[in-house]
Each structure stands twice: as C-alpha cells, then as structure tokens.
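Below is one structure, written out as structure tokens, with a few remarks after it.
We count ligands from 1, going down the list as the structure has it; atoms in each ligand are counted the same way. Heavy atoms only: backbone and side chains are in, while hydrogens, waters and symmetry mates are out.
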Amino acid sequence: MTRDEIRAQLSYYQDLGVTEIYRRTPTSPPPPMPKPKPKAEPLPSLAPVGDTLIQILQDIGDDCRRCRLCEQRNKIVFGSGNEQSPLVFVGEGPGADEDEQGVPFIGRAGQLLTKMIDGTALKEGISITRNDVYICNVVKCRPPENRAPQPDEMEVCGQFLFRQLMAIKPKAICALGGTAAKALLGTKEGVTKLRGNWQTWHGIPLMVTYHPSYLLRPYSADAKRESWEDLKKLLHFVYD
Ligand code: SF4
C-alpha cells in the first residue's frame with residue numbers, strides 16, 4: 001500500500017468515527033496437539049510357545065511369497081531328517097536338484113555331505129547316518145543362478161529357520177558355509193576364521209564348517225581335511 005493509499009484509508013476511518021487504530025501483533029501458531037502415545041504392544045514372539053515343525057510348515061504355506069525368491073522357485077525346501085535330532089545342519093539355500101524335489105542337500109554337494117556324515121560316524125564308531133540328523137537351509141527357496149541369498153531374503157525367511165531350531169532344540173548346530181554362519185551368528189567373519197571352534201546360537205553350541213559345495217572344488221584339499229576334523233569334533237560332542 002502506498003503512503004497516499006494509507007492516508008486515504010485513515011481519513012475514511014476518521015469519517016466513520018474510528019479514532020484508534022492498532023496493529024495486530026503476529027500471533028504464534030498454536031502448539032501442536034500432543035500425539036497419542038502408541039500403546040506398548042509386546043513384540044510378536046519369534047517362536048510361539050509349543051511351536052512344532054508342522055506348525056511352521058503350515059505357516060510358510062504352499063505358496064509363500066514373502067520374499068522375491070518365490071518368483072523362480074519350483075518347490076519350497078523346508079528341511080528333512082530326524083525331527084527330534086540332537087544335531088541340525090544348516091546350509092545356505094536350495095540348489096537346482098533340491099528345488100526340483102523339495103528336499104535339501106540331494107545334489108552333488110548333498111551327496112558329499114551324506115558321505116561325510118555317514119563316513120565319519122562309521123570311522124569314529126558312532127552309530128548314526130544322515131537320516132538321524134536334521135538338515136535345512138537359511139532360505140527355503142532357490143536363489144536364481146545359485147547366487148547367495150540377499151540380507152533381506154535371509155531376514156524374512158530366517159524367521160522360519162529360527163523357529164525350526166527353537167522347535168527342535170538340538171544339542172548342537174552345524175553351520176555349513178559362510179552364509180549360514182552369517183545368518184546364525186550375525187558375524188562378518190569368514191569360515192576359515194570361525195571353523196574349528198565352538199560358537200553359540202541362543203545357548204546352543206554351534207560349529208561352523210565349510211559348505212560341501214566348496215569342498216567339491218579342486219583346490220580345497222586343506223578345507224576337506226579341516227571339515228572332516230570339524231565333523232569328528234561335532235559328532236563326538238553330540239553322540240558320545
Ligand atoms: S525364501 Fe522363504 S520367505 Fe522367501 S518365498 Fe521362500 S519360503 Fe517364503
């Protein structure tokens with residue numbers, strides 16, 4: 001507004017009989033309404049009381065689509081073996097053969113694992129075979145091109161592994177390879193550093209060793225010897 005306009009406005013007010021004009025002081029915005037406090041909800045239990053493998057399988061469902069690994073899988077590979085086993089082997093994820101048949105560790109790496117379990121037990125005088133232990137993976141669907149499962153996939157599917165281990169409550173766990181070790185121990189350490197020494201998963205002794213697919217590689221003679229050592233230690237601890 002120009003001075004002349006203000007003057008004209010004032011004389012207009014005078015004509016109306018208005019004798020006092022005051023400036024309105026800017027008002028501060030009203031204080032924000034307090035947000036309602038969120039109700040303290042207990043965190044959902046990761047492993048429901050009285051959980052069973054059948055219940056976990058049902059919860060996964062026939063067509064789980066909780067992560068992107070569902071897109072190319074044929075079969076969900078839940079786990080196999082003795083459901084009351086004192087020893088559980090945890091691998092990374094299903095490969096092509098496992099994806100086709102819905103059973104873990106049945107391809108070349110799986111056959112090597114079977115030989116390792118059966119052979120070590122026989123040699124050490126421990127009367128078990130592969131069928132006496134329980135075997136499962138961190139993720140239940142095959143990652144495309146056999147890539148390693150990604151952290152978000154392991155987190156989503158890991159809830160089922162957590163429940164499986166809690167339901168079985170084995171005397172010991174064997175993490176096969178770096179991915180399983182990472183998922184269970186939350187560590188960035190490699191297998192070479194972790195193997196041979198006992199770790200702990202929720203109070204359960206855990207041994208990390210090489211994934212059998214690594215042992216199938218031609219340059220893994222030392223790793224083969226070390227993994228037999230790990231397995232001996234593991235079997236004696238569980239079955240002696
Ligand atoms: S990997 Fe696990 S979470 Fe992902 S789709 Fe398969 S079963 Fe569901």
Side-chain angles (χ1 to χ4, degrees), residues 41-85 87-114 130 133-170 173-188 191 201-202 204 206 208-214:
E41 299 279 0
L43 281 174
S45 165
L46 277 171
V49 178
D51 207 10
T52 61
L53 292 180
I54 290 176
Q55 184 60 54
I56 302 163
L57 198 52
Q58 276 174 8
D59 289 349
I60 293 178
D62 294 338
D63 185 26
C64 178
R65 311 198 78 78
R66 291 175 180 85
C67 82
R68 68 182 82 80
L69 293 182
C70 67
E71 288 161 15
Q72 292 180 43
R73 65 129 194 269
N74 285 307
K75 286 194 174 153
I76 294 174
V77 182
F78 181 66
S80 75
N82 174 5
E83 298 183 353
Q84 275 112 40
S85 174
L87 177 56
V88 175
F89 286 83
V90 180
E92 180 176 306
D97 297 308
E98 291 79 10
D99 176 59
E100 211 166 281
Q101 298 192 40
V103 181
F105 283 93
I106 48 159
R108 279 182 70 219
Q111 287 162 26
L112 177 59
L113 179 66
T114 307
R130 170 183 164 146
V133 304
Y134 189 81
I135 303 179
C136 58
N137 284 305
V138 177
V139 292
K140 314 295 184 214
C141 300
R142 183 192 180 200
E145 316 300 326
N146 290 342
R147 67 158 167 79
Q150 292 175 3
D152 59 330
E153 296 158 354
M154 291 203 281
E155 198 181 323
V156 176
C157 205
Q159 62 179 303
F160 301 119
L161 172 65
F162 182 96
R163 286 176 60 188
Q164 279 174 300
L165 293 173
M166 282 295 184
I168 298 173
K169 284 197 185 65
I173 298 167
C174 182
L176 297 166
T179 303
K182 198 169 157 190
L184 291 168
L185 300 172
T187 176
K188 284 185 182 155
V191 177
W201 183 87
H202 291 270
I204 301 174
L206 181 148
V208 176
T209 195
Y210 297 96
H211 193 283
S213 62
Y214 179 75

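At least one donor-acceptor pair closer than 3.5 Å links the side chain of Gln111 to the backbone N or O of Ile106.
No side-chain donor-acceptor contact under 3.5 Å links Gln159 and Arg66.
Interface of Cys70 with ligand 1, defined as ligand atoms under 4.0 Å from a residue heavy atom, comprises 5 (S).
Of all protein heavy atoms, the one closest to atom 4 (Fe) of ligand 1 is Cys67 SG, 2.4 Å. Given atom 2 (Fe) of ligand 1, the protein heavy atom at minimum distance is Cys157 SG, 2.3 Å. What sits closest to atom 5 (S) of ligand 1 on the protein, heavy atoms only, is Cys64 O, 3.4 Å.
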Worksheet entry | side-chain contact (heavy atoms from CB on, under 4.5 Å) between Lys140 and Leu161, intermediate numbers included | CA-CA 9 Å; Lys140 314 295 184 214; Leu161 172 65; 4.3 Å; yes

Item to complete: Decide yes or no on side-chain contact (heavy atoms from CB on, under 4.5 Å) for Leu53 and Ile56, but give the supporting numbers first.
Response: CA-CA 5 Å; Leu53 292 180; Ile56 302 163; 4.1 Å; yes

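Contacts between Arg73 and ligand 1 below 4.0 angstrom, taking non-hydrogen atoms only, involve the side chain exclusively.
For Cys141, the nearest N, O or S atom to atom 6 (Fe) of ligand 1 falls under 2.8 Å.
Ion pairing of Asp63 with Arg73 is present here, as a side-chain N (NZ or NE/NH1/NH2) and a carboxylate O approach within less than 4.0 Å.
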